[in-house]
Protein chains: 2
Amino acid sequence: MVTRIPLQLLDCLPKAGTEPLARTTAETMATALKAVADPTRLQILAMIAASENQESCVCNLTEPLDLTQPTISHHLKKLAEAGLISGERRGTWVWYSLNRERWIQIANLFNA
Amino acid sequence: MVTRIPLQLLDCLPKAGTEPLARTTAETMATALKAVADPTRLQILAMIAASENQESCVCNLTEPLDLTQPTISHHLKKLAEAGLISGERRGTWVWYSLNRERWIQIANLFNA
DNA sequence: TGAGATTATAGATAAGTATCTATACAGACA
DNA sequence: TGTCTGTATAGATACTTATCTATAATCTCA
């Protein structure tokens, strides 16, 4: 099972006159950003988004990305931990879909 | 001297029906995101932004962050390579300031 | 020019992580 | 139940990187 990283940091980025960014807050933010700061994971996100119904099983990702199945699973786990995707088992396959609210949440880190 | 990472990727993030995200594009994006996916660098950005005139010399960053001067210089170099800050020598000190256009550019990666 | 102060670089080290192979787990179905 | 397929986990390895100490480079000023 995957544990999500909590995030309540919408008001903490570079702005004049604010108080210093607390270390723990900075670390939480960095953890979220690290999840998307990887080329393979960006490709996975893009592939899921471009798929029909905006979901994809692991098997559809492995071949185009030219990586082994365990490596893809590793990246999917990272993305799930960051709350960016969710997996749902339907029969033999596990279907991953985007959590767009979470994507927007991370995007907002830049707008504060 | 610092070399900037080129970036022309405003139209490449998760959206249904788009074509696959090219590896080279994904790598360029990931490089930009990695620059901000670090707690110390987020704190540095916040400190510069909160400083008077929104600039800071290295000496003002070292003590509050409880890191050695070379470590701070290392992170400043990473941020400069990503185009997020610029350093200007004025006398003995080097003053770093934010490149807000670049910050917005990276933020836009999430809005495409 | 020489001394002192600030910043950058070089080199070493430890921690993190992306990848692989091997294997376990879970569901479908005969 | 047993076998096959799809996915997850364990463990190993190589690469990256954040940090340190030591030192070089740059500027000021006496």
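Chain identifiers are assigned alphabetically (A, B, ...) following the order of the sequence lines, protein sequences preceding nucleic acid strands; residue numbering begins at 1 within each chain.
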Taking only the side-chain nitrogens and oxygens of [X], find out if one of them lies under 4.0 Å from OP1 or OP2 of [N].
{"X": "A:Thr40", "N": "C:dT19", "result": "yes"}
{"X": "B:Thr68", "N": "D:dC20", "result": "yes"}
{"X": "A:Tyr96", "N": "D:dG6", "result": "no"}
{"X": "A:Thr92", "N": "D:dT5", "result": "no"}

Would you kindly give the [atom1]-to-[atom2] distance between [X] and [N], to the nearest whole Å?
{"X": "B:Lys77", "N": "C:dT7", "atom1": "NZ", "atom2": "C1'", "value": "12 Å"}
{"X": "A:Leu76", "N": "C:dA18", "atom1": "CG", "atom2": "P", "value": "13 Å"}
{"X": "A:Glu88", "N": "C:dG27", "atom1": "CD", "atom2": "P", "value": "13 Å"}

Which nucleotide sits closest to the side chain of [X]: [options]?
{"X": "B:Leu67", "options": "D:dT26, D:dC20, D:dT7", "result": "D:dC20"}
{"X": "B:Trp93", "options": "C:dT6, C:dA18, D:dA18", "result": "C:dT6"}
{"X": "B:Pro70", "options": "D:dT17, C:dA10, C:dT7", "result": "C:dA10"}
{"X": "A:Cys57", "options": "D:dT19, D:dT7, C:dA8", "result": "D:dT7"}
{"X": "A:Val94", "options": "D:dT7, C:dT6, C:dA28", "result": "D:dT7"}
{"X": "A:His75", "options": "C:dA18, D:dT19, D:dT7", "result": "C:dA18"}

Check your understanding: How far apart are the closest heavy atoms of B:Ser73 and B:Val58, and which atoms are they?
Key ->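 Nearest heavy atoms, B:Ser73 then B:Val58: OG-CG1, 4.5 Å.
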Practice item. Could you check whether A:His74 gets within reach of a base, just the sugar-phosphate, or nothing at all, counting any heavy atom under 4.0 Å? Key: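 Since a base atom lies under 4.0 Å of A:His74, the category is base.
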Exercise for review: Indicate, with a heavy-atom threshold strictly under 4.0 Å, whether B:Arg90 touches base, sugar-phosphate, or nothing.
Suggested key: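 Answer is nothing: B:Arg90 stays at 4.0 Å or more from every strand.
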Review point. Between the main-chain N or O of B:Arg41 and the side-chain N or O of B:Asp38, is there a donor-acceptor pair closer than 3.5 Å?
Key: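 Side chain of B:Asp38 to backbone of B:Arg41, a donor-acceptor pair under 3.5 Å: yes, one is there.
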Check your understanding: So, does B:Lys34 use its side chain to make a donor-acceptor pair with the main chain of A:Ala37 at under 3.5 Å?
Key ->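 The answer is yes, because a donor-acceptor pair under 3.5 Å joins these two groups.
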**Study point:** By side chain to side chain donor-acceptor pair (under 3.5 Å) - contacts of A:Glu88 (at least two apart)
**Key:**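 Only A:Arg90 meet the side chain to side chain donor-acceptor pair (under 3.5 Å) criterion with A:Glu88.
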Review point. After noting the C-alpha distance and the side-chain angles of B:Thr71 and B:Thr68, does the key distance pass the side chain to side chain donor-acceptor pair (under 3.5 Å) rule?
Key: CA-CA 5 Å; B:Thr71 298; B:Thr68 64; 3.0 Å; yes
